[in-house]
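Worksheet: the structure to be examined is printed underneath.
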Amino acid sequence: MKVNFSAVFSSEQLMHRLASNLHIGKSVFCYESVGSTNDVAHRFAKDGARSGTIILAEFQTAGRGRNAKKWVGQKGENVIASVILRPTMPLENLTYLPLLTALSVAQAIEDVVGERAEIKWPNDVLMHRKKVAGVLVETSAQAGVVDYVVVGIGLNVNQAQFPDELAQQATSLFLETGVVYDQTTLFVSLMRFLDANYARLKSGNTESILSMWRAHCEMFGKHITFYQGDSKREGIALDIDERGFLRVEIEQKEERLSQAEIQTIRY
Ligand code: BTN
């Protein structure tokens, strides 16, 4: 079966560079253009694709972000990927997957770029306070049993321009450092960190994931504004708890948020 339809990424090269002892990367499918790599991953997973299968694309015509937002980018400039996982762990432990994926992106940036990356709860990755990557994890489960998970990652690598409405908040590694990066090198590093962090989760070592995640987060102790649905609220971000929920102090009372969209952080 032909698995490579991309001029930027090579399935063979990626499978070669992702060592055979990793869980992630034994099957890699590269495309020039798809609707959404997450959608392709869902189709493949329903057809029985094995855990660790990677789908990469140079371009998406219908890229999806969290909270029904679009994910857009210039063709061939970024990393756009989805990974199929088939975890056999309690459903509640899956809340760690978005956190450990954002952590893996931050670690890969630090590894390849050599500059610090920050995580904004729950799973945005920032450089110099602007968003450079996002994560969209989607789970298929029936009667409380996980069938598979799709881990979608969009990392802005060499994109030099963003639409006006995004330019204030979004950036790329190129825009922040002035360096053009090899997308394959970045992606291989990202998959190695993801594999290692996923192994930690499988072995129940959630404390190490949380402590590395915390070490990349700079919003604790800071005033934040956030949206819960349509309502805008504010408080002091305190920490994340053992389930990955955000602890926030609001009018001297503590609340734990499972979902919210952080709008501003007063650093
Ligand atoms: C967000 O920050 O809102 C999440 C963005 C996730 C984007 C990635 S790009 C690869 C994968 N395919 C999609 O359609 N979305 C995710």
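Counting starts at 1 for both ligands and their atoms, following the listed order. Values below: all heavy atoms of this structure, side chains included; hydrogens, waters and symmetry mates excluded.
- In the hydrophobic clustering of this structure, F245 does not group with Y227; members are Ile, Leu, Val, Met, Phe, Trp, Tyr whose side-chain heavy atoms approach within less than 4.5 Å, directly or through other members.
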#### Entry: Worked check of side chain to side chain contact (heavy atoms under 4.5 Å, CB included) between E254 and E249
CA-CA 4 Å; E254 184 180 316; E249 187 185 302; 5.7 Å; no
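- A heavy-atom cutoff of 4.0 Å around ligand 1 is satisfied by the protein residues S36, T37, N38, Q60, G63, R64, G65, R66, W71, I80, A81, S82, D124, K131, G134, V135, L136, G152, I153, G154.
- For the residue pair H23/S51, the side-chain donor-acceptor check at 3.5 Å is satisfied.
- Here the options are T264, T225, I224, V248, the test is side chain to side chain contact (heavy atoms under 4.5 Å, CB included), and the partner is E234; only T225 passes.
- Side-chain contact of Q107 with H216: a donor-acceptor pair under 3.5 Å is absent, judged by distance alone.
- Note: F29 and F44 have perpendicular aromatic rings, judged against thresholds of 30 and 60 degrees for the angle between ring planes.
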